[in-house]
Amino acid sequence: MNFTAADHQAMAQALQLAERGLWTTSPNPRVGCALVAPSGAIVGTGWHERAGEPHAEIHALRAAGERARNATAYVTLEPCNHFGRTPPCTEALIAAGVSRVVAAMTDPNPLVSGQGLARLQAAGIETACGLMENAARELNIGFISRLVRGRPWLRLKAAASLDGKTALNNGLSQWITGPDARQDGHRWRARACAILTGSGTVRADNPQLSVREVDTPRQPLRVIVDSRLATPPTARILSGGGPVLIAGAVAEAAKIAALEAAGAAVAILPNAAGQVDLPQLLAELARRGINEIHAEAGPKLNGALLEAGLVDELLLYLAPCLIGDQASGLFNLPQLDNLDGKRPLQIRDIRQIGPDIRLLARVLPVA
């Protein structure tokens with residue numbers, strides 16, 4: 001379908017509206033809506049803010065009132081056609097008398113995809129789909145991953161020197177990168193539904209792993225991969241800042257009771273090797289409504305996640321310094337005999353954050 005410049009402009013505004021829910025909509029998608037009258041004037045806008053609250057279309061329709069009649073609704077995700085926590089948006093659009101609905105993308109849930117647009121068409125409303133779809137998919141990449149793949153989108157964050165070192169051999173790592181990069185990293189934490197780390201990082205650094213450098217209305221779930229349930233009940237990560245889930249591989253009642261008394265939930269998910277089953281953990285997090293995972297861990301867990309094919313994206317902050325080859329690296333990975341086994345990446349974005357470089361890269365399948 002051919003879309004006009006006015007269509008693109010209206011959908012761009014809907015996408016900007018959707019971004020306002022970047023930190024708040026979980027487990028729901030980030031959705032924006034702009035209502036445009038036949039004259040070309042925008043008569044109503046809205047975005048989804050929190051699960052259980054009205055969807056973007058409802059906010060836009062309320063803002064427009066009677067002006068919604070014969071308007072075109074530009075929405076970043078196909079309107080829902082089912083009762084959940086809120087009534088279906090399709091019925092509200094039909095009742096308001098809109099004449100056309102343009103969606104950036106269909107609902108990624110295979111069970112409902114296309115049904116919202118079909119309901120609108122049956123009511124005599126003109127529909128179109130696919131306008132600025134790539135931008136809409138990127139905005140909800142975790143939501144799509146959870147519904148289509150059954151696991152969240154995993155973004156692995158690390159800070160390193162230019163020679164790829166994350167800490168000295170004595171464990172010192174604070175701070176390789178500067179304050180601007182650290183604040184930027186907290187923005188990425190804030191958009192995630194869960195922050196993932198390993199028990200080794202908890203014991204060595206005693207981090208909080210909460211969002212602190214930016215204002216946020218919620219704290220993500222913090223998840224510790226801890227096969228032996230060695231996390232001390234006194235660890236700072238358990239002392240506030242949001243919920244904590246500890247994934248273990250041994251069902252030791254005393255340790256579980258101590259961790260639960262400290263405020264953590266515990267899930268026992270062993271694999272055949274007696275370690276935490278990482279694919280099973282991600283499936284469990286998907287069942288809990290987790291769309292995006294922000295991993296901040298050491299080279300051992302980083303390597304295990306990469307080896308298991310669970311890392312979708314790398315968020316690397318590189319400082320303009322050199323530490324030396326005896327320091328800790330980014331990933332513990334098996335040694336390669338030839339370069340055919342190298343792990344390809346697709347660079348998505350490179351920019352300077354203060355004195356540091358931020359690199360965003362997608363992990364591609366090994367050829």
Side-chain angles (χ1 to χ4, degrees), residues 1 3-109 112-140 143-144 217:
M1 175 173 289
F3 294 105
T4 67
D7 289 333
H8 280 84
Q9 185 176 8
M11 186 60 78
Q13 177 157 357
L15 286 163
Q16 289 175 352
L17 289 162
E19 287 181 5
R20 297 189 185 184
L22 193 66
W23 297 355
T24 61
T25 63
S26 175
N28 287 359
R30 299 136 181 167
V31 182
C33 179
L35 287 170
V36 179
S39 65
I42 293 178
V43 294
T45 61
W47 69 93
H48 182 49
E49 298 178 30
R50 292 176 183 81
E53 295 185 6
H55 290 184
E57 299 94 321
I58 305 305
H59 284 299
L61 290 171
R62 288 175 179 173
E66 287 299 317
R67 296 175 297 170
R69 188 160 300 279
N70 296 320
T72 295
Y74 295 87
V75 61
T76 59
L77 182 68
E78 175 185 11
C80 64
N81 190 44
H82 62 280
F83 281 88
R85 297 189 193 182
T86 59
C89 292
T90 51
E91 300 306 317
L93 290 165
I94 293 167
V98 301
S99 62
R100 180 175 178 237
V101 174
V102 180
M105 60 176 289
T106 57
D107 191 316
N109 188 337
V112 299
S113 181
Q115 293 184 19
L117 294 175
R119 174 69 184 99
L120 295 170
Q121 291 165 5
I125 295 174
E126 179 187 350
T127 67
C129 189
L131 175 59
M132 305 180 74
E133 180 175 359
N134 287 340
R137 293 182 70 86
E138 287 295 319
L139 189 61
N140 283 308
F143 179 74
I144 296 168

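Computed from heavy atoms alone, side chains included, the values below leave out hydrogens, waters and symmetry copies.
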Item to check | Contact summary for F3 and R100, nearest pair of heavy atoms | outcome: CD2-NH2, 4.3 Å

Item to check | Pairing residues for E138 by the salt bridge (charged side-chain N to carboxylate O under 4.0 Å, His left out) criterion, not counting sequence neighbours | outcome: R348, R362

Checklist outcome for this item: For L117 and P79, the nearest pair of non-hydrogen atoms, with its separation, is CD2-CD, 4.4 Å

Checklist entry - Does a side-chain N-to-carboxylate-O contact under 4.0 Å join E49 and R20? => result no

Checklist entry - Backbone N or O of N140 within a donor-acceptor pair of the R30 side chain at under 3.5 Å? => result no

Checklist entry - Is it true that a side-chain atom of R67 and a backbone atom of V43 form a donor plus acceptor pair closer than 3.5 Å? => result yes

Checklist entry - Mind checking what makes side chain to side chain donor-acceptor pair (under 3.5 Å) contact with Q9, not counting sequence neighbours? => result none

Checklist entry - Which atom names give the shortest non-hydrogen contact between L17 and C33, and what distance separates them? => result CD1-O, 3.3 Å

Checklist entry - Mind checking whether W47 and V31 have side chains closer than 4.5 Å, heavy atoms only? => result no

Item to check | Any residue meeting side chain to side chain donor-acceptor pair (under 3.5 Å) with T106, in chain and number order, not counting sequence neighbours | outcome: S113

Next on the checklist: We want to know whether T25 and N28 form a side-chain donor-acceptor pair, criterion being a heavy-atom distance below 3.5 angstrom.
Outcome noted: no

Next on the checklist: What I want to check is whether the side chains of T127 and Q121 have a donor and an acceptor closer together than 3.5 Å.
Outcome noted: yes

Checklist outcome for this item: Correct closest heavy-atom pair for P38 and N70 would be CG-O, 3.5 Å

Item to check | Heavy-atom pair with the smallest gap, counting every atom of L61 and A68 | outcome: CD2-CB, 3.9 Å

